[in-house]
Amino acid sequence: MSKDQQLRNDAYAAVDKHQSLVEQDPYRLHYHIMPPVGLLNDPNGFIQWKGTYHLFYQWMPFKTGHGAKFWGHYSSEDLVHWTHEEIALTPSEWFEKNGCYSGSAIEHDGDLYAFYTGNVKDEEGNRSSYQCLAVSQDGIHFDKKGPVVHLPEGYTPHFRDPKVWEQDGAYYMVIGAQTEDLKGAVALFTSDDMTDWKHLGILAGGGKGKLADFGYMFECPDLFHLDGKDVLVFSPQGLEAEGMKYQNVYQAGYVIGKLDAESGHYEHEDFYELDRGFDFYAPQTTEDEHGRRILFGWMSVPDQNEQDHPTVKHEWLHNMTLPRELKLKDGYVYQTPVKELEELREEAPVEHPVDLNQETRKLEGVQGKAVELVLEDVAVEKGWFSVMIGDDARLVYSSDQNVFTLERRSYVDGVVENRQVELEDLNDLRIFVDTSSVEVFINGGKHVFTARFYPSPEDESITFQASEKAGFRLKKWDLKKVF
Ligand code: FRU
């Protein structure tokens with residue numbers, strides 16, 4: 001039997017073995033993409049191809065830890081209902097034996113081209129990385145063509161996560177990199193035919209420009225047009241916390257600029273985090289057939305106490321964020337859940353005009369473990385106002401300080417921890433709760449907080465509180481279970 005077939009059989013056997021344990025987990029998600037068993041990390045190869053959305057993902061089917069990754073595969077017609085497809089890539093060949101790492105997909109001559117990093121470690125633990133191509137005619141089965149990009153001079157083997165796009169009749173690729181003097185960088189390549197790739201140089205970081213000295217490694221770069229600008233999204237490692245910023249072990253964010261593709265020169269503004277919550281990393285975008293720029297992120301961060309998540313006991317770990325549409329507004333990337341997600345809403349919303357006056361209140365019909373809450377026309381005159389989800393996560397807005405805070409009970413030691421952002425004002429909140437995940441979109445999606453949290457499963461309460469006066473219009477929907 002081929003190594004590829006053996007790995008596939010082993011992975012499907014792991015799914016059969018642990019599936020019912022995953023099913024029994026009260027923290028299993030209802031409408032977020034999660035692995036059938038094992039560990040999921042980065043979104044890969046996200047594309048709408050011949051009408052169908054494909055989302056591949058970094059998958060370790062054999063344990064809830066990292067290792068020689070597979071490319072798992074979900075497909076969807078509507079970004080709401082997803083089908084788990086056959087495994088796309090197994091780490092079966094010499095050039096990927098320690099993992100088919102992250103990458104992207106693009107259509108070429110009617111076929112689906114997937115570019116990914118072949119990760120290889122020798123006996124002493126020395127790493128090599130190869131940027132590989134695999135081609136599919138049906139979007140399901142891939143024919144591996146092997147390495148197409150080898151490591152250029154000036155970089156360490158921390159060189160991975162190719163993202164490919166077409167522009168003005170040529171192909172371009174950005175790769176996450178570390179320079180030999182240990183600076184995070186994005187490398188830029190170009191090609192006419194998708195197989196012969198030329199190194200154009202460093203696009204950002206690596207001792208140049210505004211990101212000259214910005215951590216020791218950039219992972220998962222993604223460069224795209226958005227509303228007349230060129231946005232570079234990437235995940236830097238090695239930033240020091242700075243006030244309310246950069247609180248997680250690693251970050252994920254963007255810079256806005258202008259790319260001169262021919263010369264490879266990229267002028268850009270300062271870095272902003274895409275998400276201010278506890279669990280967000282390695283996002284990837286695609287432009288769909290409606291011309292929308294859509295993003296999925298991984299709802300976790302590497303090396304952030306991953307084994308302490310209670311889902312590990314149920315043989316699964318991590319999930320994706322909701323798909324979010326990106327727009328550029330007054331110098332920021334705004335994120336909103338794609339319109340299709342309204343399809344998740346059961347029946348008509350429960351609606352309340354709410355006026356709180358130094359009180360704590362639960363509202364008729366407002367509870368649940370998989371819900372969407374919309375708070376509009378929020379007015380907090382003085383003091384603070386909060387929304388508590390179950391007995392665990394709490395969203396607090398202090399109008400005195402103009403600070404928004406997400407608190408949760410740490411899944412490591414139970415101590416309350418928080419993440420914060422300063423706002424100009426609080427106008428609206430859109431909150432998605434899914435058993436053990438919460439995503440909060442503030443002021444039309446200018447700021448986003450994403451986190452896992454683990455409330456007591458029987459506690460489905462939602463509690464509102466104001467230290468002084470707070471008013472808003474509330475809508476609440478129960479959301480369907482689609483996974
Ligand atoms: C980001 C990352 C990528 C790598 C992949 C391996 O989370 O470290 O850089 O390709 O995960 O699973």
Side-chain angles (χ1 to χ4, degrees), residues 7 11 33 35 38-46 55-73 87-91 95-105 114-121 127-134 147 149 151 155-164 173-178 184-187 205 215-222 232-239 248-253 274-275 278-285 295-306 309 317-321 450 452:
L7 286 167
I33 289 177
L39 174 146
L40 166 153
N41 59 303
D42 314 354
N44 292 159
F46 183 29
L55 183 73
F56 303 88
Y57 67 93
Q58 286 289 286
W59 188 26
M60 168 40 73
F62 305 129
K63 57 177 184 183
T64 53
H66 294 272
K69 299 286 166 62
F70 290 55
W71 269 36
H73 183 189
I87 292 165
L89 301 171
T90 69
F95 49 79
E96 59 190 11
K97 77 177 176 59
N98 299 95
C100 298
Y101 273 12
S102 288
S104 56
F115 290 90
Y116 64 99
T117 300
N119 182 46
V120 176
K121 281 186 183 158
R127 185 191 291 267
S128 336
S129 55
Y130 304 92
Q131 314 312 315
C132 305
L133 169 64
V149 175
L151 185 66
Y155 302 98
T156 76
H158 284 287
F159 197 74
R160 53 181 170 265
D161 314 333
K163 177 86 189 333
V164 175
M173 179 191 282
V174 279
I175 299 181
Q178 176 177 65
V186 174
Y216 56 79
M217 171 69 192
F218 292 176
E219 295 190 316
C220 301
D222 187 351
L232 174 68
V233 164
F234 64 105
S235 298
Q237 300 188 325
L239 304 187
N248 294 332
V249 176
Y250 308 129
Q251 278 59 50
L274 269 166
D275 199 292
F278 296 91
D279 300 292
F280 182 86
Y281 195 71
Q284 187 178 84
T285 73
L295 172 145
F296 269 106
W298 174 34
M299 205 186 284
S300 186
V301 178
D303 306 328
Q304 202 166 261
N305 300 308
E306 291 177 77
H309 284 274
L317 187 56
H318 305 319
N319 56 282
M320 294 298 171
T321 65
T450 298
R452 299 303 299 285

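Positions are given from 1, in the same order as the sequence printed here. Nothing here was measured: the structure is a model prediction, and the numbers come from that model. Numbering of ligands and ligand atoms starts at 1, following listing order.
Of the listed residues (Asp42, Leu40, Asn44, Asp161), the one carrying the non-hydrogen atom nearest atom 2 (C) of ligand 1 is Asp42.
The aromatic rings of Phe56 and Trp71 sit tilted, their planes meeting at an angle between 30° and 60°. The aromatic rings of His318 and His66 sit tilted, their planes meeting at an angle between 30° and 60°. The aromatic rings of Tyr281 and Trp298 sit perpendicular to each other, their planes meeting at more than 60°, with 30° as the lower class boundary.
Between Asp222 and Lys163 there is a salt bridge, since a side-chain N of the basic residue sits under 4.0 Å from a carboxylate O of the acidic one.
Contacts between Thr117 and ligand 1 below 4.0 angstrom, taking non-hydrogen atoms only, are absent altogether.
A distance of 6.0 Å or more separates the ring centres of Phe95 and Tyr130.
Set against the non-hydrogen atoms of Ser102, the atoms of ligand 1 under 4.0 Å away are 5 (C), 10 (O). Counting atoms of ligand 1 from 1 in the listed order, those under 4.0 Å from a heavy atom of Asn41 are 5 (C), 6 (C), 7 (O), 11 (O), 12 (O). For ligand 1, the atoms closer than 4.0 angstrom to any heavy atom of Tyr281 are 1 (C), 7 (O).
The shortest N/O to N/O separation between Trp298 and ligand 1 does not fall below 3.5 Å.
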Is there a side chain to side chain contact (heavy atoms under 4.5 Å, CB included) between Cys220 and Asp42 once you walk through the steps?
CA-CA 9 Å; Cys220 301; Asp42 314 354; 3.5 Å; yes
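The shortest contact between atom 8 (O) of ligand 1 and any protein heavy atom is with Glu219 OE2, 3.0 Å. Atom 12 (O) of ligand 1 has Gln58 OE1, 2.7 Å as its closest protein atom, hydrogens excluded (heavy atom only).
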